[in-house]
Each structure stands twice: as structure tokens, then as C-alpha cells.
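Input: a single structure, listed below in C-alpha cells.
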There are 2 protein chains.
Amino acid sequence: MTQQRKVILEEVRKMHTHPTADEVYEAVRKRLPKVSLGTVYRNLDILSKEGYIRKIDQAYPQMRFDSNTEDHYHVVCMVCGRVDDIPFEPPKDELDELEKRIIQVSKYTILGHNLEFLGLCPVCRKSRGDSLEEKIKEINS
Amino acid sequence: MTQQRKVILEEVRKMHTHPTADEVYEAVRKRLPKVSLGTVYRNLDILSKEGYIRKIDQAYPQMRFDSNTEDHYHVVCMVCGRVDDIPFEPPKDELDELEKRIIQVSKYTILGHNLEFLGLCPVCRKSRGDSLEEKIKEINS
DNA sequence: ATAACTGCAAACGTTTTGCCAGCAT
DNA sequence: ATGCTGGCAAAACGTTTGCAGTTAT
């Protein structure tokens, strides 16, 4: 845990705004003016792999498009990025209920939601016979 | 609806793989060899604004970081990108139930899920006194 | 001595934009 | 004529990487 890493973690912990890398960089720079953006990215990555922080929504490195405009959910393969539909009806009642509670508490206007499941597609699950644990390590590397 | 736009839409409708822009470009190029990637992006954008297709997960243009590594959900402001925590327990039973059904049907190995609510934060909701409908238009422009 | 790490700058991949020409209203 | 659209190329954006020097064991 270097000085830079320590400061980066401290700053992320201080910020309750779910900062972007750039926002972290700006905050860290006030304490370590010579720090580079590369170092911030590198350490945010390390810190998230070590479980100190979490990346929010890294599921889609690229934008994807869907000609089905109905409400439905997806499973995303964390290895190959493949996206499949989930052939279930959304649990609409539960989600509507949640949306109502959010509106009451947070003062947000809620316009919709995303629910996606992350995992391994059948192909990636089987490839090279690796164990599930090794797969998960691979995803996090 | 130009020829290019029509072909792009047809190809997205043919592909049930939730293609990336590049994959659409490759497919369209087989029919319109001179089409440019810029045109594909422009038209995918237009088609999604007109409701013919959907972009999957456009919530986070940038990666964000969270020092709270516990399972919890977020609301994302579609105008300013602000992310807030939802102060509710996840509806764990329903989601576990859903995960089980997905495993049965899709053969995916499910490792987790994202559930996020999209809307307008209190600040953006109020700014300039616009109506909600105008706000939504603004988001889609 | 060795390994991990930094700052810096360049590279990268995806997406957006500016420009000018062409097409449709 | 006017405005939307296309192709092309360049720019922009967020992120990653190579390198040479530094720091900490």
C-alpha cells in the first residue's frame, strides 16, 4: 500500500458521490499534486480487485443494441460479453413497489430501471475445463 | 427513412445477439459496402431515439467507483449522471428466485446482478422549471 | 537485488464531429 | 432553396500501456 494508493482509497472513501476516475484524480491531486491520471486508474483497479472499493457497472465495455424494445432483462457473460435475453416476465409488482419507495425517500423522479444478471455463458463456462473458481479469477484479472 | 437507415434497422432486427455498433457495421457492409461506421453510429442513435431499437445500458458513460462494497442499489440521474444510493435492502428473495430460474433455463452460471434505477435527480428535475415531458425530450436529444 | 510502483507520454478502442457533397422535400 | 443525410477523416473521450526512473522491501 503505497502513499498514492492510500490517498486514493482515502479520497474515494471520503467522497460519497460515486466519483468517476477523473473526479478521484482531482481530489487526490490536491494532496499529491504530482500524481498522474494513470496512477489513479491503476490504483482504482487494484483497489477494486482487492475488494476495497467497487466499480459500478462494468458489464458493457461497448454499447449494444436490441431490436426488442419491450421491457425485458438480460444475462451478460463476463468473459466474452455475450448478451442473452431472459425468457421471464419482469417481476413488475416488486419493481414498481421499489420505485415508489425510491421516489418517496430520494426525491428522484424515476423513469425506469435496468436489471441485468452477470455470469458465464455456456460456452465460456465449459472452455478449457477450468474450474469455476479459476474462471472467476480470470474475470478479475 | 433512407436506404442506409432501413438496412441498418433490418440487420439489427435479424441479429438476435444484441450486437455492438461494429457488428452492425460489419453486417450492413455486406449489403452496402460503401457505408461508413459514422453513418452506422448516427443511425443507431436515431433509431433508438425513435424507438425502433434500444441501446442496452447507456447509464454509465464513465466508470464510477464506490467505497461501499456491500450489495446495494443505485439511482442514476439521466441528465447529470449523478449516482445515489437507494436506502433499501435489496429484495433478495425475489432476485435469488429469478437467478435460480435463469440458471435452469439459460444454462448460464450466474455470479451476480445489477439493478439500477434511472431518473432525474432533484436538482435536474427542478432546473429551469421545465416540464417533465420536456426533460425527457432533453434526455433523448 | 528485487519486485512493485510511479510519472509521463503515447497508444488504444469506441464513439462523436466537422466538412462538403448529394438527395429529397 | 432548404434541410436532412451520407461518406470520409479527424477529433474527442475515457482508459490502458510502455518505459525509464524511483521506492520499498
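Keep in mind it's a predicted model, so treat the numbers as computed, not measured. In the text below, chain A, chain B and the rest are named by the order of the sequence lines, each starting its count at 1.
The interatomic distance linking A:Gln62 (CD) with D:dT15 (P) rounds to 14 Å, in whole Å. C:dT14 atom C1' lies 13 Å from atom CZ of A:Arg64, rounded to whole Å. Per the geometry, NZ belonging to A:Lys6 stands 15 Å off C1' belonging to D:dA24, to the nearest Å. Between the C1' atom of C:dA24 and the CE atom of B:Met1 lies a distance of 15 Å, rounded to the nearest Å. For A:Leu32 and D:dT23, the CG to P distance is 14 Å, given to the nearest whole Å. Rounded to whole Å, the distance from CE on B:Met63 to P on D:dC13 is 18 Å. The separation between A:Leu47 atom CG and C:dC5 atom C1' is 13 Å, rounded to whole Å. Rounded to whole angstrom, the span from the CD atom of B:Glu23 across to the P atom of C:dT15 amounts to 11 Å.
Using a 4.0 Å cut-off, some side-chain N or O of A:Thr39 falls inside it from OP1 or OP2 of C:dG7. Phosphate contact (OP1/OP2 of D:dT16, side-chain N/O of A:Tyr41, threshold under 4.0 Å): absent. Contact check, B:Gln4 against D:dG7: a side-chain N or O comes under 4.0 Å of OP1 or OP2. The phosphate of C:dT6 (OP1 or OP2) has a side-chain N or O of A:Thr2 nearer than 4.0 angstrom. When the side-chain nitrogen and oxygen atoms of B:Gln3 are compared with OP1 and OP2 of C:dC23, none of them lie within a distance under 4.0 Å.
Side-chain proximity of B:Ala21 to C:dC8, C:dT15, D:dT15: nearest is C:dT15. Nearest to the side-chain atoms of A:Val35 among the listed nucleotides C:dG7, D:dT15, C:dT6 stands C:dG7.
A distance of 6.0 Å separates CD1 in A:Ile8 from CG in A:Leu44, rounded to the nearest 0.5 Å.
Closest-nucleotide positions on DNA chain D for B:Ser36 and A:Leu37 were compared, and the one nearer the 5' end corresponds to B:Ser36. In terms of position on DNA chain D, the residue among B:Ile46 and A:Thr20 whose nearest nucleotide sits closer to the 5' end is B:Ile46.
Between the side chain of B:Arg42 and the base of C:dG18, at least one donor-acceptor pair of N or O atoms lies under 3.5 Å.
In this structure, B:Ser106 contributes its side chain and B:Ile103 its backbone to no donor-acceptor pair below 3.5 Å. Side-chain atoms of B:Arg64 come within 3.5 Å of backbone N or O of A:His18 as a donor-acceptor pair. A:Glu23 places a side-chain N or O within donor-acceptor distance of the main-chain N or O of A:Thr20, the cut-off being under 3.5 Å.
Residue contacts for B:Asp22: at a heavy-atom cut-off of 4.0 Å it reaches no nucleic acid atom on any strand shown.
A pairwise comparison of heavy atoms in A:Val105 and B:Pro87 identifies CG1-CG, 3.4 Å as the closest pair.
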